[in-house]
Amino acid sequence: SRMVSVMGTILEVGQPKRIHETAVRACETIRVNDEQAPSRGTTAALEPAALMDPPSAPPTQPQTRGQVDGGAAPASSLSEEEAIALVAEHLAARGLGDLGWGKEASSLRERMRVLHEVLGDPWPDVSVEALAGSAPQWLAPWAKRLAQGGSLSGVSMLDALRSMLPWPQAARLDELAPEKMTIPAGGTRPIDWSGAHPVLTLRVQQAFGLTDTPRLVDGRVPLVLHLTDPAGRPAAVTSDLTSFWAGPYRDVRAQLRGRY
């Protein structure tokens, strides 16, 4: 089968082909000149009248996608369409970890995931299955590079995800699913979108001034607050600040006074 290097990994194209053995031509009688033959213990001088065709390579076992093989065909033997198709299969089978992710790209994907789950279309599905299925579209800018053997880590997922944002709705991305939030104590704090609910981690004192729980995605998703003591140790978790200030905060304050 034809093997090609894509994203630094050897992939198989097409079905394995049978390897046929080459018939070896008969050789004429090799004559040894008795008068010029060397003494016993050394190799006789041979005068072949005809050379044999080199023997064919032994049959090889079919190789599966993802198997590294040093004798693979050069990546230039791949068309751009073949490269994209193989990458899509790779992503569907092995996930998205080989792509060029960074902190910003991962955060954007998590925010887009929540927007799709809560608001639906036109916010795109960015699950593994969906991204593998739509690879021919968003991988197009890297098709030539991948066909030439480029690594998947060279695919900027930040650029790819940005290309999927719907317009004009994308103008509201930071409003609906902000990366950071301004807090009453001053400055901003990052929002973690990686879980089932967005999470903001603050020291208890930094939450003073927030009378109610902030709600995101047009008010449909409450922000979960992880409140800590001054040393950063967990003190309380709440998605209902009004109730927290009215009740549990008294216990938390008593505990903090006991420690500090």
Side-chain angles (χ1 to χ4, degrees), residues 1-16 61-69 72-170 172-174 176-177 179 191-198 217 221:
S1 60
R2 183 155 64 98
M3 307 296 293
V4 293
S5 172
V6 181
M7 58 196 155
T9 302
I10 304 303
L11 302 174
E12 180 183 11
V13 179
Q15 298 299 322
Q61 295 295 324
Q63 289 165 311
T64 58
R65 288 180 172 83
Q67 180 177 353
V68 177
D69 178 78
S76 59
S77 62
L78 267 183
S79 69
E80 293 183 11
E81 292 76 13
E82 287 175 322
I84 295 300
L86 290 176
V87 169
E89 290 184 21
H90 178 86
L91 298 179
R94 302 194 178 187
L96 308 173
D98 291 331
L99 295 164
W101 293 100
K103 185 176 180 180
E104 190 175 357
S106 297
S107 175
L108 176 57
R109 182 189 175 208
E110 290 157 358
R111 295 158 67 200
M112 292 172 68
R113 170 186 59 81
V114 173
L115 290 174
H116 176 74
E117 291 174 352
V118 176
L119 300 178
D121 292 336
W123 296 99
D125 184 353
V126 289
S127 64
V128 173
E129 296 79 7
L131 289 177
S134 61
Q137 288 75 47
W138 59 265
L139 274 176
W142 295 273
K144 183 176 181 179
R145 186 182 306 171
L146 292 171
Q148 294 173 345
S151 171
L152 271 183
S153 62
V155 175
S156 170
M157 287 309 296
L158 180 60
D159 291 341
L161 290 169
R162 283 174 173 169
S163 73
M164 301 177 207
L165 289 170
W167 291 95
Q169 291 85 354
R172 298 189 63 207
L173 173 65
D174 290 335
L176 296 171
E179 280 189 286
I191 297 174
D192 180 3
W193 291 89
S194 62
H197 304 281
V217 193
V221 178

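Note that the numbering runs from 1 along the sequence shown for the chain. Not measured: the values here are computed from a predicted model.
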Pairs involving residues 150-164, ordered by first then second residue, that meet salt bridge (Lys or Arg N to Asp or Glu O under 4.0 Å) (sequence neighbours left out):
Glu104-Arg162
Can you run down the salt bridge (Lys or Arg N to Asp or Glu O under 4.0 Å) pairs that involve residues 111-126, sequence neighbours left out, and say none if there aren't any?
Arg111-Asp174, Arg111-Glu179, Arg113-Glu117
Please test Trp142 against Val87 for side-chain contact (heavy atoms from CB on, under 4.5 Å), starting from the C-alpha separation and ending with a verdict.
CA-CA 11 Å; Trp142 295 273; Val87 169; over 6 Å; no
Is any side-chain heavy atom of [X] less than 4.5 Å from a side-chain heavy atom of [Y]?
X: Val114; Y: Pro198; value: no
X: Leu152; Y: Leu91; value: yes
X: Leu78; Y: Leu86; value: yes

Considering non-hydrogen atoms only, spot the tightest contact between [X] and [Y] and give its length.
X: Ser194; Y: Glu110; answer: CB-OE2, 3.5 Å
X: Ser151; Y: Ser153; answer: OG-OG, 2.8 Å
X: Ala83; Y: Ala143; answer: CB-O, 4.5 Å
X: Ala88; Y: Ala135; answer: CB-CB, 3.9 Å

Please confirm whether the backbone N or O of [Y] pairs with a side-chain atom of [X], one donor and one acceptor, at under 3.5 Å?
X: Trp123; Y: Gln169; result: no
X: Ser127; Y: Ala130; result: yes
X: Arg109; Y: Val126; result: yes

Test Leu176 against Leu119 for side-chain contact (heavy atoms from CB on, under 4.5 Å), laying out the working first.
CA-CA 10 Å; Leu176 296 171; Leu119 300 178; 4.1 Å; yes
Let me confirm one number: the [atom1]-[atom2] distance from [X] to [Y], rounded to the nearest 0.5 Å.
X: Trp138; Y: Ile84; atom1: CH2; atom2: CD1; answer: 8.5 Å
X: Arg94; Y: Glu89; atom1: CZ; atom2: CD; answer: 11.5 Å
X: Leu161; Y: Met112; atom1: CG; atom2: CE; answer: 5.0 Å
X: Leu165; Y: Leu115; atom1: CG; atom2: CG; answer: 9.0 Å
X: Met157; Y: Leu108; atom1: CE; atom2: CG; answer: 9.5 Å

